[in-house]
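Have a look at the structure below before the remarks.
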Amino acid sequence: MNTTKSKRAMVGSAAAAFIRRDDGTVLLVHHAGTGYWVLPGGKVDDGPGGGETPRECCEREGREETGVTVTAGRLLVVQWLPSGRNGAYESNPFACHLFAFDATISPEDQPNIHVPEGELLGWDWWDPTRAVDVMDATNGRLLAAALRVASGAEAAPCYLEELPRSGHTAGDARVIR
C-alpha cells in the first residue's frame, strides 16, 4: 500500500474581457511575449486581504491593456488551464482557472484605446471568424465559447478544460455542458 501523500496542485486565477461592438467585432490585443492576439486580460493579483476577485481582475487588466474603463458584466466562460501547458513549465508552473466576462467599453472611450508599450504590440477590432486565425488554439477556443454564450446559443457559463495530461495530446480540449 502506498502511504505517500500526493502534493496538492497550486492553482491561480486569471480573467479576460470579452468586448464586442454593435457590429459584432471583438477587441483583441497583440501580446508581445507570445506574438498571438488575445482577449484583454491577465492574472489575478493575490495581495493582502485576499487580493482581487476575477471580476475585479477583468476590469483592472482591461483598463491596463486598453487605457480606458472596462466594465465587467456576466460570466461567460470558465476555462481550466493545467500547469505546464504547451510544454512551458517555466512560464506556466501552476494550473489556472481563467474567467471570461462579457465586458464593455463606452462608445465615447473607444477612440481613446491605447496599449502599454513593451507588453502589447497593438490592438484592433476583429471579425470573430477571422480572429481565431491569429490566436493560439487555447485562446481561440476561449473566444469561440464566449461567442456561443454571448449570442445565446449556449447557457452561461460555459466550462472548458484543456487536457495536456497522459492519454491526451497537448492542446486537446473538451467542453463540459
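Scope of the values below: all heavy atoms of this structure, side chains included, with no hydrogens, waters or symmetry mates. Just so it is clear, the model here is predicted, and its values are computed rather than measured.
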Heavy atoms only: give me the nearest C158-V149 pair and the separation to one decimal. CB-CG2, 3.7 Å

Look up atom CG in D136 and atom CH2 in W37, then write down how far apart they are to the nearest 0.5 Å. 14.0 Å

With the 4.5 Å side-chain cut-off for hydrophobic clustering, are V115 and V134 part of the same group? no

Determine which pairs satisfy salt bridge (charged side-chain N to carboxylate O under 4.0 Å, His left out) with at least one residue from residues 26-36, sequence neighbours left out, and list them in order. none

Can you classify the ring geometry of H97 versus F99 as parallel (below 30°), tilted (30 to 60°) or perpendicular (above 60°)? tilted

For the CG atom of L27 and the CH2 atom of W126, what is their distance to the nearest 0.5 Å? 12.0 Å

How long is the straight-line distance from CG of L76 back to OG of S151, given to the nearest 0.5 Å? 10.0 Å

Within the distance-only criterion (no hydrogens, no angle test), does the side chain of E119 pair as donor or acceptor with the backbone N or O of P116 below 3.5 angstrom? no

Can you tell me how far apart OG1 (T71) and CG (D102) are? Round to the nearest 0.5 Å. 11.5 Å

Flag yes if L160 and V26 sit in one hydrophobic cluster, no otherwise; membership is Ile, Leu, Val, Met, Phe, Trp, Tyr, and two members link when side-chain heavy atoms are under 4.5 Å apart. yes

Any side-chain heavy-atom pair from V38 and V29 closer than 4.5 angstrom? yes

Between atom CD1 of I19 and atom OG1 of T66, what is the distance when rounded to the nearest 0.5 Å? 6.0 Å

Do you know the tightest heavy-atom contact between V70 and A103? CG1-CB, 3.8 Å

Rounded distance (nearest 0.5 Å) linking atom CZ of F101 with atom CZ of F18: 14.0 Å

With a 4.5 Å cut-off on side-chain heavy atoms, are M135 and L143 touching? yes

Tell me which pairs pass salt bridge (charged side-chain N to carboxylate O under 4.0 Å, His left out) where either residue lies in residues 60-73, with sequence neighbours left out. D45-R60, E52-R60, R60-E64

Show the nearest heavy-atom pair for residues P54 and V44, with the distance to one decimal. CA-CG2, 4.1 Å

When clusters are formed by joining ILVMFWY residues with side-chain heavy atoms under 4.5 Å apart, either directly or through shared neighbours, do I113 and L28 land in the same one? no

List for me each residue that meets side-chain contact (heavy atoms from CB on, under 4.5 Å) alongside A144, sequence neighbours excluded, and say none if there are none. R148

Partners passing side-chain contact (heavy atoms from CB on, under 4.5 Å) against H114 (at least two apart in sequence or in another chain): none

Between V77 and L142, is a side-chain contact (heavy atoms from CB on, under 4.5 Å) present by the stated rule, with each step listed? CA-CA 7 Å; V77 181; L142 176 65; 3.7 Å; yes

Nearest non-hydrogen partners of A72 and R55, listed with the distance: O-NH1, 3.5 Å

Under the 3.5 angstrom rule, does the side chain of H31 hit a backbone N or O of L120 as a donor-acceptor pair? no

Can L81 and E161 be said to form a side-chain contact (heavy atoms from CB on, under 4.5 Å), step by step? CA-CA 7 Å; L81 302 168; E161 288 184 344; over 6 Å; no

For D22, the side-chain contact (heavy atoms from CB on, under 4.5 Å) test, sequence neighbours excluded, returns none

Using the test side-chain contact (heavy atoms from CB on, under 4.5 Å), find all partners of S106 that sit at least two apart in sequence or belong to another chain. E108, D109

Heavy-atom pair of closest approach, residues L39 and A16: CB-CB, 4.1 Å

Identify the two heavy atoms, one from W125 and one from R20, that lie closest to each other, and give their separation to 0.1 Å. CZ3-C, 4.3 Å

